[in-house]
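For reference, the structure discussed in these notes is given below.
All values below come from the heavy atoms of this structure, side chains included, with hydrogens, waters and symmetry mates left out.
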Amino acid sequence: MNATLNAIEIFARQLQDRSPTSQATESLFMLLINFVSFAGNLLLGIAVIRNPNLRSTVPNMYIITLAVSDFLMSLLGIPFSVASLIVGKWPLSNFFCQLQGFWILLMCAVSLETLAVTAVNRYVRVTRSRALYQKLFSLKKTKITIAILWILALFAPLPYIVSGHEFFFHAGKVFCAHDLESLNQGYGAYLVLVYVAIPLMIIVICYTKVFIAVRKHNLQRRQRRRQMDLRSDSGLSVEEVNITNILLVVVIGFLGCWTPVLVIDIIDFINADWKLKRQVYVSYTCFGFSSSSLNPIIYGIMNRSIRAEYFRIFKTLKNFVFRQKK
């Protein structure tokens, strides 16, 4: 325990004693992540509100859920870390520290659960019959499932709080995190198993099968354009394959951001202390928060309907600014 306190004290001194260049670089980079996450997910939300067709399909419901969780992270998660990097310490009261710690765990749990359900959705659509897919994934059932996911996600931070623990400002990670004592008492194993290992296992298994099926589909399509033998009644279209590819890229982006986070957490768990350099933990936080900014970019590049709506919004903004200047 003393070693842990010493590590936190060292990180706190290092955070305060940074050079002006280091302070400016870290602050601006985190601010950029926050801005892209906020603006990108706000843009995606406006696109969905403006175009009802974008919220009329099941895959887009999952996209909207991810956008909401990422947008909320940009509002109540990342800004506190930006402020901490700017001033060199936790700038607010303990209440806001508890809020940030709770919020980060909640939003991360929502994102991983949503990606897992999305993987199941793609697995059923690509490898099973259209009839089964329509039975399991109607819009009404999807909305109910998403509501349940948010409720289940609450049980990521709640046990920590109910057991009497408090989040504390980790000066290395520059956000309010749970303490090592709670992790060693089994809470860490609970989080990793329920909210990381199981969703990741579902994602990997489902998308592996989906990748194999889509690859087979593409090969058959090149050989015989009109013949699709994935399933006699699957009706797998080019659009469905494109949607699957988009969601696969979303998953790859998410895993690319969170794999370094998971590796560092495992190292800390094995060491039972925070023995890595402060810069490693700052990078850890940047990787985690960056996942909130990727999805609007991916959708804008790969989804034609969303990209078109982005352009309409930009055109509207441009016309508004032009009229104001007149």
Determine whether a donor-acceptor pair (N or O, by modelled atom type, separation under 3.5 Å) exists between the side chain of Ser291 and the backbone of Gly288. yes

Can a side-chain donor-acceptor contact be found between Gln100 and Ser81 if the only test is distance below 3.5 angstrom? yes

Side-chain contact test, heavy atoms from C-beta onward, threshold under 4.5 Å: evaluate it for Leu43 versus Phe314 and give yes or no. yes

Do the side chains of Met73 and Ile104 get nearer than 4.5 Å, heavy atoms only? yes

Quick one, Leu85 with Leu15, criterion side chain to side chain contact (heavy atoms under 4.5 Å, CB included). Give me CA distance, side-chain angles, the key distance, then yes/no. CA-CA 8 Å; Leu85 285 171; Leu15 182 63; 4.2 Å; yes

List in chain and number order the residues that pass side chain to side chain donor-acceptor pair (under 3.5 Å) with Asp265, two or more places apart in sequence or in another chain; answer none if no residue qualifies. Tyr284

Between Lys315 and Arg312, is the side chain to side chain contact (heavy atoms under 4.5 Å, CB included) condition met? List the steps. CA-CA 5 Å; Lys315 184 177 180 180; Arg312 292 190 192 100; 5.6 Å; no

Is a donor on one side and an acceptor on the other found under 3.5 Å between the side chain of Asn60 and the backbone of Leu54? yes

Does Phe167 have its ring centroid less than 6.0 Å away from the ring centroid of Trp90? no

Tyr281 backbone acceptor or donor facing Thr285 side chain under 3.5 Å: yes

Is a side-chain donor or acceptor of Ser27 paired with a backbone partner of Ala24 at a separation under 3.5 angstrom? no

A cation-pi test, strictly: NZ or CZ of Arg278 under 6.0 Å from the centre of the six-membered ring of Phe11 and no more than 45 degrees from its axis. Yes or no? no

Cys257: what forms a disulfide bond (SG atoms under 2.5 Å apart) with it, not counting sequence neighbours? none

With a 4.5 Å cut-off on side-chain heavy atoms, are Met61 and Leu139 touching? yes

Are Leu42 and Phe311 in one and the same hydrophobic cluster, where Ile, Leu, Val, Met, Phe, Trp and Tyr link if side-chain heavy atoms are under 4.5 Å apart? no

Reference residue Ile78; test side chain to side chain contact (heavy atoms under 4.5 Å, CB included); the match among Phe289, Phe38, Phe35: Phe289

Taking the side chain as every heavy atom from C-beta outward, state whether Tyr190 and Phe155 have any atom pair closer than 4.5 Å. yes

When you compare the side chain of Leu136 with that of Lys141, does any pair of heavy atoms fall below 4.5 Å? no

Starting from Leu200, can I reach Ile266 by hopping between I/L/V/M/F/W/Y residues whose side chains sit under 4.5 Å apart? yes

Can Tyr187 and Asp179 be counted as having a side-chain donor-acceptor contact under 3.5 angstrom? no

